[in-house]
Every structure is written in structure tokens, then in C-alpha cells.
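Values below: every heavy atom of this structure, side chains too, minus hydrogens, waters and symmetry copies.
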Amino acid sequence: MADRPAALPVRAVVVTAAVTGVAALVFAQVAHAELARALQEKSHIAGTNADTRMLRWQAAARMLADSPVLGVGPGGFRQHYAAASHNAELDEQTPVAHNLFLEVAAELGLPGFLVLVAVIAVGFVAAERALRLGADRRPVVAVQAALIAVLVASVFLSEQYYLPLWSLVAVAVALEQRARDGRLVAVGERRAGRSPMPVAVVRNKRPEEV
């Protein structure tokens, strides 16, 4: 008959449980303090970012109001930010407006802003035409959704310095052109595959029917 394993002493079990409980309580207290500190820092950073963005949006609006036709020039927001903002960050070396539409309008004026809107419209119109021409819906709808996402992000980011906006417009135009070329090829193949009318039938027809 096999020997039964020796039972653990009750005192050892109690001590182990007590030590584990104390360690868990200490860890919980430390984790709670660290979590509270991290949340407080995150809240402070979020509030600072919101205040900074508001200052930059106001500065961009002032630049647009001062130069509505020509703007302050490409890249001029960085140069004129300190003068346009009464509370500019002194340690900021390359400030941006964190808003695609305001920054483009401030730098290029209303004509440049209208060109930006026209480019974005070209992307949406091209995607819609691609759908009407019979293109695969999945990539076209994906491009449309991505464009909408980029525009929403552009309210808080200077997206003109990044590729997604411009590349998505280019992809939408390419999808339309591909769908158009595919339709032309299909029409050409249908015409080439049409059987000619027999000559006997043509001869038997009346002149007005031919």
C-alpha cells in the first residue's frame, strides 16, 4: 500500500496565506497610487493639448483674417505664429495649427482653401463614378471610408504634411480610371464578338430595311 503524502502543517499554510494577503494589499495600494498619478498626468496633458490647439486655431484664424486672399505663404504659419498668438509657446520650434483646414486657409488664403476642397471633392466624385462604372465595391468603399476618417482626423491634425490624404485621392482617381478602362474593354469585346449578318438576308431585305 502506497504511503500517503504528508499533510502540510496548519501553521505553514496560515503564514503563507497571511504573507500573500499582505503582499496583495501592498501591491494594490502601490498600483492604485501609480494609476491615480498616471490618470492625473494624462488629464493634465490632455487639458494642455486642448488649450494649445485652441490657441493655434485662434492664431490661424487671425492670419486668415489679416490675409484672406494670399494668406501668409506656404509654411508661413510657423513663422507668424508667435506674432499672431498672444500666448505662444516659447519652446516650440516648428508649430503647426493641428487643423488641416485652418492651416491651409491661413497659409494659402481662401483660394488655396478652395483648391483643397476641390481636391478632396475629386476623390469622392471619382470613387462614386467608379462604383457606377461597375468597379468592385470593397476597395472603393474602403477608400471612401478612409477619406472620411482622414478628414475627421484633419480637424485635429495638420494632415497636409502626410501622405494619406493625397494618396487616397490618387487611389480613388485610379479606381475610376480602371473601371472606365474595364468598361471600354468589355464594350470592345462585345462588338468584336458580334457575328456578321448573313449576306443572303441582306439581299432579300427591301432597300428601306437595309
Side-chain angles (χ1 to χ4, degrees), residues 42 46 49-50 52-65 67-78 81 94-198 201-202 209-210:
K42 183 64 177 177
N49 289 338
T52 300
R53 277 174 167 77
M54 185 60 65
L55 291 174
R56 298 187 181 186
W57 294 351
Q58 293 172 354
R62 293 191 189 99
M63 295 179 196
L64 177 60
S67 302
V69 178
L70 299 178
V72 295
F77 180 85
R78 299 180 179 183
Y81 174 62
T94 57
V96 293
H98 290 293
N99 185 298
L100 163 69
F101 310 103
L102 282 175
E103 188 161 346
V104 169
E107 293 186 347
L108 304 181
L110 292 178
F113 176 77
L114 293 177
V115 171
L116 171 66
V117 173
V119 170
I120 296 172
V122 165
F124 283 107
V125 171
E128 187 63 28
R129 287 178 177 173
L131 289 176
R132 294 183 180 181
L133 290 170
D136 187 359
R137 291 186 58 86
R138 289 175 296 180
V140 178
V141 173
V143 169
Q144 290 177 327
L147 268 175
I148 294 173
V150 168
L151 292 179
V152 172
S154 297
V155 178
F156 307 99
L157 299 172
S158 296
E159 284 290 340
Q160 71 271 24
Y161 297 115
Y162 304 99
L163 285 178
L165 175 62
W166 314 112
S167 59
L168 286 171
V169 173
V171 169
V173 174
L175 288 173
E176 180 197 1
Q177 188 60 44
R178 182 179 180 182
R180 193 179 300 277
D181 293 342
R183 170 164 288 192
L184 290 176
V185 170
V187 171
E189 290 177 350
R190 285 199 300 268
R191 290 180 179 178
R194 183 183 299 171
S195 58
M197 186 176 293
V201 175
V202 176
E209 296 178 349
V210 177

Which residues pass the salt bridge (charged side-chain N to carboxylate O under 4.0 Å, His left out) test with Arg180, not counting sequence neighbours?
Glu176

Show the nearest heavy-atom pair for residues Trp57 and His98, with the distance to one decimal.
NE1-O, 3.3 Å

Holding to side chain to side chain contact (heavy atoms under 4.5 Å, CB included), I want the full list of residues that pass it with Ser158, two or more places apart in sequence or in another chain.
Val96, Glu103, Gln160, Tyr161

Say you draw a straight line from CG of Leu168 to CZ of Phe124; how long is it, rounded to the nearest 0.5 Å?
9.5 Å

Applying side chain to side chain contact (heavy atoms under 4.5 Å, CB included), run through Gln177 and Asp181 and close with a yes or a no.
CA-CA 6 Å; Gln177 188 60 44; Asp181 293 342; 2.9 Å; yes

When you look at Leu108 and Leu70, which way does the side chain to side chain contact (heavy atoms under 4.5 Å, CB included) test go after all the steps?
CA-CA 6 Å; Leu108 304 181; Leu70 299 178; over 6 Å; no

More than 12 heavy atoms of other groups within 6.0 Å of Arg178 CZ:
no

Residue list, side chain to side chain contact (heavy atoms under 4.5 Å, CB included) with Ala142, at least two apart or on another chain
none

Can you give me every donor-acceptor pair (side chain of residues 109-120, partner residue at least two apart or in another chain, under 3.5 Å) with its distance?
none

What are the two closest heavy atoms between Ala106 and Ala60, and how far apart are they?
CB-O, 3.5 Å

Leu157: side chain to side chain contact (heavy atoms under 4.5 Å, CB included) partners, not counting sequence neighbours:
Arg53, Ala153, Glu159

Name all residues meeting the side chain to side chain contact (heavy atoms under 4.5 Å, CB included) criterion together with Leu131; count only those two or more places apart in sequence or in a different chain, and write none if there are none.
Glu128, Arg137, Val140, Gln144

For Pro95 against Phe77, the heavy-atom pair lying closest together
O-CD2, 3.7 Å

Mind listing the closest non-hydrogen atom pair of Pro68 and Ala65 along with its distance?
CD-O, 3.7 Å

Less than 4.5 Å apart, side chain to side chain, heavy atoms only: is that true for Trp166 and Val150?
no

Keeping Asn99 on the side-chain end and Val155 on the backbone end, is there a donor-acceptor pair under 3.5 Å?
yes

Using modelled atom types and a 3.5 Å cut-off, is there a donor and acceptor pairing between side-chain atoms of Ser67 and backbone atoms of Leu64?
no

Can you tell me which residue pairs pass the salt bridge (charged side-chain N to carboxylate O under 4.0 Å, His left out) test with a partner in residues 106-119, sequence neighbours excluded?
none

Exercise: identify the closest heavy-atom pair between Gly123 and Ala172
O-CB, 3.3 Å

Who passes salt bridge (charged side-chain N to carboxylate O under 4.0 Å, His left out) against Asp136, sequence neighbours left out?
Arg138

